[in-house]
Student: 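Let me give you the structure first, and then I'll get to my questions.
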Amino acid sequence: MPVWMPVVAIALVDAEGRVLLQQRPARKHHGGLWEFPGGKIDAGETPRDALAREIAEELAIQVKPCDCAALLLAEEAREGQPPVVLMLYRATCWRGSPDGREGQTWGWFTREEARGLALAPMDRELVERISD
Ligand SMILES: Nc1nc2c([nH]c(=O)n2[C@@H]2O[C@H](COP(=O)(O)OP(=O)(O)OP(=O)(O)O)[C@@H](O)[C@H]2O)c(=O)[nH]1
């Protein structure tokens with residue numbers, strides 16, 4: 001088992017400054033909570049490659065690795081499991097229209113609206129730290 005779990009996620013920001021958040025499937029860790037799209041980085045992938053892959057799988061949009069800017073880092077300890085280290089990127093351009101390909105509920109939210117969601121713990125902190 002790895003000693004830590006690298007996870008990559010993205011704040012997709014639309015023309016009105018809202019971010020895209022989606023709800024985790026009930027059966028998964030943090031089930032039902034809202035988070036940024038993304039996932040675990042596979043062996044041999046760079047964070048940006050992992051982002052492009054996850055976003056295409058989850059939302060059917062194409063984000064070029066060069067259009068992703070590194071933004072924030074967060075860590076979460078987990079009982080009996082390796083800690084998660086989440087690398088959050090930001091992008092304002094992509095190709096295609098988001099479509100929840102894994103059946104997830106998703107939407108665009110202002111910071112104020114995001115505060116009202118049941119966010120995953122790291123995401124609650126990240127939403128506050130994203131600058132305007
Ligand atoms: N994608 C994503 N994961 C997050 C966020 N915040 C957060 O705590 N996590 C946690 O990071 C881990 C990422 O796992 P994941 O389940 O999204 O990754 P994955 O799709 O590659 O996993 P899988 O193939 O096992 O389903 C989970 O423990 C998840 O709860 C976030 O904003 N985005």
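For ligands, and for the atoms within them, numbers begin at 1 and follow the listed sequence. Worth knowing before you read on, the calculation uses all heavy atoms, side chains too, and leaves out hydrogens, waters and symmetry mates. All values reported here derive from a predicted model rather than from experimental measurement.
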Student: Write out the residue and atom name of the closest protein heavy atom to atom 12 (C) of ligand 1, then the distance separating them to 0.1 Å.
Tutor: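 Ranking protein heavy atoms by distance from atom 12 (C) of ligand 1, first comes Val7 CG2, 3.8 Å.
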
Student: Pairs of nitrogen or oxygen atoms closer than 3.5 Å, one from Phe36 and one from ligand 1: do any exist?
Tutor: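 Looking only at distances, the answer is yes, because the N/O contact criterion of under 3.5 Å is met.
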
Student: Can you find a heavy atom in the side chain of Met87 that is under 4.5 Å from one in the side chain of Ile41?
Tutor: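 Yes, close enough: below the 4.5 Å cut-off.
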
Student: Does Leu88 approach ligand 1 within less than 4.0 angstrom via side chain, backbone, both or neither, non-hydrogen atoms only?
Tutor: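 Under 4.0 Å from ligand 1, Leu88 contributes no heavy atoms.
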
Student: Given that the side chain starts at C-beta and the backbone is N, CA, C, O, which of these parts of Arg78 lies under 4.0 Å from ligand 1, counting heavy atoms, or is it both or neither?
Tutor: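 Under 4.0 Å from ligand 1, Arg78 contributes side-chain atoms alone.
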
Student: Where do Met5 and Pro82 come nearest, in terms of heavy atoms and distance?
Tutor: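 It is N-CB, 4.2 Å.
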
Student: Looking at atom 30 (O) of ligand 1, what's its closest protein heavy atom, distance included?
Tutor: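 Heavy-atom neighbour on the protein nearest atom 30 (O) of ligand 1: His30 ND1, 2.9 Å.
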
Student: For atom 23 (P) of ligand 1, find the nearest protein heavy atom and state the residue, atom name and distance (0.1 Å precision).
Tutor: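 Closest protein heavy atom to atom 23 (P) of ligand 1: Lys40 NZ, 3.6 Å.
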
Student: Out of curiosity, Leu86 CG to Leu73 CG, how far, rounded to the nearest 0.5 Å?
Tutor: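 Between Leu86 CG and Leu73 CG, I get 8.0 Å after rounding to 0.5 Å.
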
Student: Nearest to atom 8 (O) of ligand 1 by heavy atom, Lys28, Glu54, Met122, Arg53: which?
Tutor: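 Nearest option to atom 8 (O) of ligand 1, by heavy atoms: Met122.
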
Student: Of the non-hydrogen atoms in Val127 and Ala114, which two are nearest, and what is the gap between them?
Tutor: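 Taking Val127 first and Ala114 second, the nearest heavy atoms are CG1-CB, 4.1 Å.
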
Student: Do you know the tightest heavy-atom contact between Arg111 and Glu128?
Tutor: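 For Arg111 versus Glu128, the nearest heavy atoms are NH1-O, 3.2 Å.
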
Student: Within the structure, does Val8 bring an N/O atom to less than 3.5 angstrom of an N/O atom in ligand 1?
Tutor: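 No.
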
Student: What are the two closest heavy atoms between Leu126 and Phe36, and how far apart are they?
Tutor: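 Scanning both residues, the minimum pair turns out to be CB-CE1, 4.1 Å.
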
Student: Please could you name the atoms of ligand 1 that Gly38 approaches to less than 4.0 Å, counting only its heavy atoms?
Tutor: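 Answer, ordered by atom number: 1 (N), 17 (O).
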
Student: Around atom 16 (O) of ligand 1, find the nearest protein heavy atom and jot down its residue, atom name and distance.
Tutor: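 Going atom by atom, the protein heavy atom closest to atom 16 (O) of ligand 1 ends up being Arg24 NH2, 2.9 Å.
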
Student: List the closest protein heavy-atom neighbour of atom 5 (C) of ligand 1: residue, atom name, distance to the nearest 0.1 Å.
Tutor: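 Its nearest protein heavy-atom neighbour is Leu86 CD1, 3.2 Å.
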
Student: Using 0.5 Å steps for rounding, measure from the CD atom of Gln22 to the CZ atom of Phe109.
Tutor: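 Here the interatomic distance stands at 10.5 Å.
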
Student: Among all protein heavy atoms in this structure, tell me which lies nearest to atom 3 (N) of ligand 1, with the distance rounded to 0.1 Å.
Tutor: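 For atom 3 (N) of ligand 1, the nearest protein heavy atom comes out as Glu35 OE1, 3.2 Å.
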
Student: Would His29 count as a polar contact of ligand 1, with the cut-off being nitrogen or oxygen pairs under 3.5 Å?
Tutor: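 Yes; the residue has a nitrogen or oxygen that sits under 3.5 Å from a nitrogen or oxygen of the ligand.
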
Student: What pair of heavy atoms forms the shortest contact from Leu51 to Cys68, and how long is it?
Tutor: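 Taking Leu51 first and Cys68 second, the nearest heavy atoms are CD1-SG, 3.9 Å.
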
Student: To which protein heavy atom is atom 6 (N) of ligand 1 closest, and what is the distance rounded to 0.1 Å?
Tutor: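 Scanning the protein heavy atoms, the shortest distance from atom 6 (N) of ligand 1 goes to Asp123 OD1, 2.7 Å.
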
Student: Could you report the tightest heavy-atom contact between Gln104 and Glu58, atom names first, then the distance?
Tutor: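 That closest heavy-atom pairing would be NE2-O, 3.0 Å.
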
